Amino acid sequence: MSVEVLNETDYQIDGVEFQELADYVLSTMHVSPEAEMSLIFVEPDVIAALHERWLDLEGPTDVMSFPLDELRPGSVDSPTEAGILGDIVICPEVAQAQAANAGHSSTEEMLLLTVHGMLHLLGYDHAEKEEEKEMFALQRKLLLTFLAERS
């Protein structure tokens, strides 16, 4: 899998950790090893501009996902075809504030946002209550399993 991690901020990001998380999620979701995606860390003004342009909402947000080839999760017998999954944009400054409110580290928050963004790229949504329940349970399971396996 080709996962490109770009840090366009002064915030310290361990690119390898985020690449490993993305590889884990894509592998677990049976996405082709030839799939590509980008994870981009940006300043609040950059994500605020994207937020307004694409969602017509003012101000910075934590994460935005931009799917490209509309790939969906595969299975052991039928992995997702190769293609460009898309881009995820994360704002570390917003993530840091959310982490403080949630009582965990900003890195943990950004790892959570990465999984959240990847699930959006794979077609998951949380607009409806049942969708939210399914997506958030999967997001939690993926992140906790990744963290447990790294320990």
Side-chain angles (χ1 to χ4, degrees), residues 1-33 35-68 71-74 80 84-151:
M1 281 167 235
S2 174
V3 178
E4 184 175 22
V5 178
L6 303 168
N7 184 8
E8 299 177 355
T9 72
D10 292 332
Y11 200 91
Q12 295 300 310
I13 303 290
D14 180 355
V16 172
E17 182 174 30
F18 286 90
Q19 280 184 316
E20 289 174 354
L21 173 63
D23 287 343
Y24 172 79
V25 171
L26 294 174
S27 175
T28 302
M29 300 300 288
H30 306 289
V31 175
S32 169
E36 299 175 28
M37 66 164 274
S38 295
L39 179 59
I40 308 159
F41 295 91
V42 299
E43 297 292 344
D45 61 324
V46 174
I47 205 160
L50 292 170
H51 201 209
E52 186 167 347
R53 177 177 180 194
W54 295 104
L55 297 176
D56 203 24
L57 297 170
E58 286 189 32
T61 189
D62 52 1
V63 60
M64 293 184 72
S65 298
F66 299 93
L68 291 177
L71 301 178
R72 298 295 177 252
T80 298
I84 301 174
L85 194 56
D87 299 323
I88 300 169
V89 181
I90 293 176
C91 181
E93 190 172 310
V94 173
Q96 186 171 20
Q98 290 177 177
N101 289 335
H104 53 246
S105 74
S106 52
T107 298
E108 289 170 323
E109 183 72 14
M110 288 185 287
L111 290 169
L112 174 70
L113 294 173
T114 300
V115 175
H116 185 87
M118 292 180 73
L119 290 177
H120 275 305
L121 293 181
L122 289 168
Y124 288 85
D125 202 358
H126 48 86
E128 302 295 326
K129 195 69 171 165
E130 281 304 309
E131 291 174 331
E132 178 180 314
K133 186 177 176 182
E134 177 187 8
M135 181 177 175
F136 284 28
L138 179 56
Q139 167 183 297
R140 179 177 170 76
K141 178 183 174 186
L142 288 166
L143 181 58
L144 290 177
T145 304
F146 169 76
L147 292 173
E149 288 182 8
R150 291 192 67 186
S151 297

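Predicted model, so just to flag it, every value in this text is computed and none were measured. Counting begins at 1 with the first residue of the sequence.
Below 30°, between 30° and 60°, or above 60°: for H126 and H116 the angle between ring planes is between 30° and 60°, a tilted geometry. Below 30°, between 30° and 60°, or above 60°: for F41 and F18 the angle between ring planes is above 60°, a perpendicular geometry.
Put simply, the side chain of D125 reaches to within 4.5 Å of the side chain of H120, judged on heavy atoms. Counting only heavy atoms from C-beta outward, the side chains of F66 and V89 approach each other to under 4.5 Å. Two residues are said to be in side-chain contact when any heavy atoms from C-beta on lie closer than 4.5 Å; E8 and E43 fail this criterion. Inter-residue side-chain proximity for L111 and L147 is flagged as met; some heavy-atom pair is nearer than 4.5 Å.
To the nearest 0.5 Å, atom CG of residue L113 and atom CG of residue D62 are 4.5 Å apart. Here OG of S65 is found 13.5 Å from CH2 of W54. Values are rounded to the nearest 0.5 Å. Note that CG of L122 and NE2 of H30 are 11.5 Å apart. Values are rounded to the nearest 0.5 Å. Once rounded to the nearest 0.5 Å, the distance linking CD of E132 with CD of E130 reads 10.0 Å. Distance CG/L112 to CG/L144: 9.5 Å, rounded to 0.5 Å.
A side-chain donor-acceptor contact under 3.5 Å links Q19 to the backbone of V3. A donor-acceptor pair is defined here as one N or O able to donate and one able to accept, closer than 3.5 Å; no such pair exists between the side chain of T80 and the backbone of S32. No donor-acceptor pair closer than 3.5 Å links the side chain of D23 to the backbone N or O of S27.
Within 6.0 Å of atom CZ in R140, 12 or fewer heavy atoms from other residues, nucleotides or ligands are found, so the atom counts as exposed in its surroundings. In E149, the CD atom is crowded: over 12 heavy atoms of neighbouring residues, nucleotides or ligands sit closer than 6.0 Å.
Minimum heavy-atom separation, S105 to A99: O-CB, 3.4 Å. Across all non-hydrogen atoms, the minimal contact from I47 to C91 is CG2-CB, 3.8 Å. Shown here for I88 and G117, the closest heavy-atom pair between the two residues is CD1-C, 3.5 Å. Between V5 and G15, the shortest heavy-atom contact is CG2-O, 3.9 Å. The nearest pair of heavy atoms linking M110 to A95 is CG-CB, 3.5 Å.
Looking at residues two or more places apart in sequence or on another chain, you find a salt bridge (Lys or Arg N to Asp or Glu O under 4.0 Å) between E17 and R150. Partners of L119 by side-chain contact (heavy atoms from CB on, under 4.5 Å), not counting sequence neighbours, listed by chain and number: M29, V115, Y124, M135, L138, Q139, L142.
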